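Structure, as structure tokens:
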There are 2 protein chains.
Amino acid sequence: MDDIDRRLIALLQEDATVSYATLGKGAGLSAGAAHERVRKLRERGVIRRTTVEVDPAALDRGVLAFVMVDSTAWMGESADAFAAIAEIQEAHVIAGSASVLVKVRTATTGQLQDVLRRLYAIEGVSGTQATVSLETFFERPVSPLPG
Amino acid sequence: MDDIDRRLIALLQEDATVSYATLGKGAGLSAGAAHERVRKLRERGVIRRTTVEVDPAALDRGVLAFVMVDSTAWMGESADAFAAIAEIQEAHVIAGSASVLVKVRTATTGQLQDVLRRLYAIEGVSGTQATVSLETFFERPVSPLPG
DNA sequence: TATGAAAAGAGGAAGTG
DNA sequence: CACTTCCTCTTTTCATA
């Protein structure tokens with residue numbers, strides 16, 4: 001992971017459809033060398049996958065909320081229960097009073113309420129605190145640049 | 001946006017490097033038809049971009065925290081101030097006691113502390129409450145399927 | 001690891017049903 | 001809208017340094 005790798009990642013995060021020739025030019029490499037480096041980044045798992053970024057509203061997921069899920073038991077083994085709820089985009093075990101923080105996207109606040117109901121149905125869950133997002137300033141890839 | 005479009009999006013989210021021929025097969029379409037639909041999804045802004053998903057730890061961003069940022073003033077115009085902090089991956093204006101929720105990734109908790117210091121330097125910011133993630137259950141694309 | 005070149009395959013743009 | 005065809009460019013592999 002040197003500065004060239006970071007540069008390649010930055011370029012791919014911006015647009016992963018560019019050719020290796022263009023990619024190499026942007027990093028001061030030949031197409032072949034750029035290709036080889038990217039292949040290794042994938043092999044090492046640094047680049048996990050190539051994917052598309054979608055407008056949530058277009059998929060009927062215009063309502064964004066973060067929900068703190070309190071529990072009476074250790075939730076460390078409950079990943080599947082959260083993953084089974086399609087509206088949950090992320091789930092993290094957290095330090096602090098609650099035990100799991102989830103990011104939820106639904107079409108309406110009514111559906112958000114339904115997600116909360118399903119969260120309560122998970123074993124050990126004792127409470128939820130939902131915080132609705134009014135506006136998203138930005139959501140961007142993890143910066144490969146230091147600082 | 002019919003079911004075929006949703007299917008195409010689901011396949012692309014999983015692996016955006018597949019050929020249009022493979023993509024079409026997965027959605028019951030010819031390569032050309034799949035290509036045309038994907039082109040339109042991009043044109044309409046449903047698909048925003050093709051990008052790569054990266055392992056945060058490999059980029060020296062192994063510490064994940066969510067920070068509630070309290071403020072004394074309306075933060076609705078402060079997007080740039082948050083965007084200027086490279087460690088911030090997302091920033092959302094929220095309903096509730098705090099006014100902005102940010103997702104932060106740093107190499108160490110020391111660097112997290114430094115981000116908090118820089119958050120305090122933003123005009124109007126009166127306080128922060130950081131919640132550190134101990135484990136990420138999952139982070140996945142927005143589900144294109146209903147329910 | 002980088003380069004350069006050759007073969008295999010995919011992208012992109014026609015025209016047709 | 002979807003399918004097919006055709007041409008171009010890219011990806012992928014390999015030999016070489």
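The chains referred to below are lettered A, B, ... by the order of the sequence lines, with proteins before strands, and numbering in each begins at 1. Predicted model only: the values in this text are computed from it and were never measured.
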Evaluation steps, side-chain hydrogen bond (donor to acceptor under 3.5 Å, both in side chains), between A/Ser126 and A/Ser71:
CA-CA 5 Å; A/Ser126 59; A/Ser71 70; 5.8 Å; no
B/Arg7 side chain vs B/Gly28 backbone, donor-acceptor pair below 3.5 Å:
no
From CD of B/Glu36 across to P of C/dG11 the rounded distance in Å is 14 Å
Using whole Å, report how far OH of A/Tyr20 lies from P of C/dG11.
13 Å
Working to the nearest 0.5 angstrom, can you tell me the gap between B/Glu87 CD and B/Thr106 OG1?
7.0 Å
Pick base, sugar-phosphate or nothing for A/Ser19, based on heavy-atom distances below 4.0 Å to the nucleic acid.
sugar-phosphate
Any sub-3.5 Å donor-acceptor pair from B/Ser30's side-chain atoms to B/Ala33's backbone N or O?
yes
Roughly, in whole Å, what's the span from NE2 in A/His35 to P in C/dG4?
17 Å
May I ask you to say what B/Arg39 touches in the nucleic acid, namely base, sugar-phosphate or nothing, with a heavy-atom cut-off under 4.0 Å?
nothing
Between A/Thr51 (side chain) and B/Gln13 (backbone), is there a donor-acceptor pair under 3.5 Å?
yes
5' to 3' on DNA chain D, which nucleotides open and close the contacts with chain B (atom under 4.0 Å from a heavy atom)?
D/dA2 to D/dT4
When rounded to whole Å, the CG to P distance for the pair A/Leu23 and C/dA2 reads 13 Å
Measure the distance from CG on A/Asp5 to C1' on C/dT1 and round it to the nearest whole Å.
12 Å
Please state how far atom CG in A/Leu41 lies from atom C1' in C/dT1, giving the value in whole angstrom units.
14 Å
For a quick check of understanding: with a heavy-atom distance under 4.0 Å over all strands, which category does A/Val38 fall into, base, sugar-phosphate or nothing?
nothing
Could you check whether A/Arg42 and A/Thr50, counting side-chain N and O atoms only, form a donor-acceptor pair closer than 3.5 Å?
yes
Of C/dT1, C/dA10, C/dA2, the nucleotide closest to the side chain of A/Ala33 is C/dA2
